[in-house]
*Asks:* 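The following block contains the structure, expressed as structure tokens.
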Amino acid sequence: MFIDKINESTSILSTMNELDTMIWQTVADIPFGKVMTYGQIAKRCGYPGYARYVGTVLKNLPANTLLPWHRVINAQGRSSFPEGSDKYAMQIQCLRAEGIVIHNGKIQLSVYQHH
DNA sequence: GAGCTGACACACA
DNA sequence: CTGTGTGCCAGCT
């Protein structure tokens, strides 16, 4: 029925907003000096396979956000920004400020990954 | 509706 | 270890 279509779509919409919120929560819960990967966050939120979506959500964060987005890196233990960019330098700097050691742009997940 | 494009991940060479 | 191919999925053309 027509009304069901509307409810269905709004339900999907609210699910997506809910996912955004869960992603924010998960990122906010990463302790100082630890990191998590995109895929890991997606899984924790109950949405395996949504690694890329985690990235788009973080991208849409306001520049002045208090969320520790710098603690989110890719599965290779590297920043996902191009190596010369401002964002890249920014992320590396923030991580180093938390005592995380980065060697040749690589972070040892075996040491710093938050489970 | 059909492609393209990413702040991704994984397997394999 | 680095490069390449493939799968993935929401958001934008």
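Order of the sequence lines sets the chain letters (A, B, ...), proteins ahead of strands, with each chain counted from 1.
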*Asks:* Enumerate the ring-ring contact (aromatic ring centres under 6.0 Å, His included) contacts for residues 16-75 of chain A, please, sequence neighbours excluded, ordered by first and then second residue.
*Replies:*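 Output for this query lists A:Y47-A:Y50.
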*Asks:* Please name the nucleotide paired to B:dA7 by Watson-Crick or G-U wobble geometry with both distances under 3.5 Å, or report none.
*Replies:*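 By the stated definition (distances under 3.5 Å), nothing pairs with B:dA7.
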*Asks:* In whole Å, what is the span from the CG atom of A:L109 to the C1' atom of B:dC10?
*Replies:*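 Going from A:L109 (CG) to B:dC10 (C1'), I get 14 Å.
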*Asks:* Nearest whole angstrom, please: distance from the P of B:dC4 to the CZ of A:R52.
*Replies:*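 So the CZ-P distance, A:R52 to B:dC4, works out to 15 Å.
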*Asks:* Only one of A:L109, A:D29, A:T26 clears side chain to side chain contact (heavy atoms under 4.5 Å, CB included) with A:M36; which?
*Replies:*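 Exactly one option meets the side chain to side chain contact (heavy atoms under 4.5 Å, CB included) with A:M36, and it is A:T26.
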*Asks:* In this structure, how many angstroms lie between the P atom of B:dA7 and the NZ atom of A:K59, rounded?
*Replies:*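 It works out to 4 Å between those atoms.
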*Asks:* Within the distance-only criterion (no hydrogens, no angle test), does the side chain of A:R71 pair as donor or acceptor with the backbone N or O of A:V27 below 3.5 angstrom?
*Replies:*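 Here the side-chain-to-backbone pair does not exist.
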*Asks:* For A:I23 and B:dA7, give me the distance from atom CD1 to atom P, rounded to whole Å.
*Replies:*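 Taking CD1 of A:I23 and P of B:dA7, I get 14 Å after rounding.
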*Asks:* Should A:S80 be listed as having a side-chain N or O under 4.0 Å from OP1 or OP2 of B:dC8?
*Replies:*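 The answer is yes; a side-chain N or O of A:S80 sits under 4.0 Å from OP1 or OP2.
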*Asks:* Looking at A:Q25 and A:M22, would you say the former's side chain and the latter's main chain have a donor-acceptor pair under 3.5 Å?
*Replies:*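 Here the side-chain-to-backbone pair does not exist.
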*Asks:* Specify the separation, in whole Å, of atom OH of A:Y53 and atom C1' of B:dA9.
*Replies:*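 Rounded to whole Å, this separation is 19 Å.
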*Asks:* Taking only the P atom of each, what is the distance from B:dA7 to C:dT6 in whole angstrom?
*Replies:*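 Nearest-Å result for B:dA7 against C:dT6 at atom P: 22 Å.
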*Asks:* Along DNA chain C, 5' to 3', what are the outermost nucleotides having an atom less than 4.0 Å from a heavy atom of chain A?
*Replies:*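 Under 4.0 Å from chain A, the extent on DNA chain C is C:dT2 to C:dG11.
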*Asks:* So, A:Q113 versus A:Q108: side-chain donor-acceptor pair below 3.5 Å or not?
*Replies:*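 No, no side-chain donor-acceptor contact under 3.5 Å.
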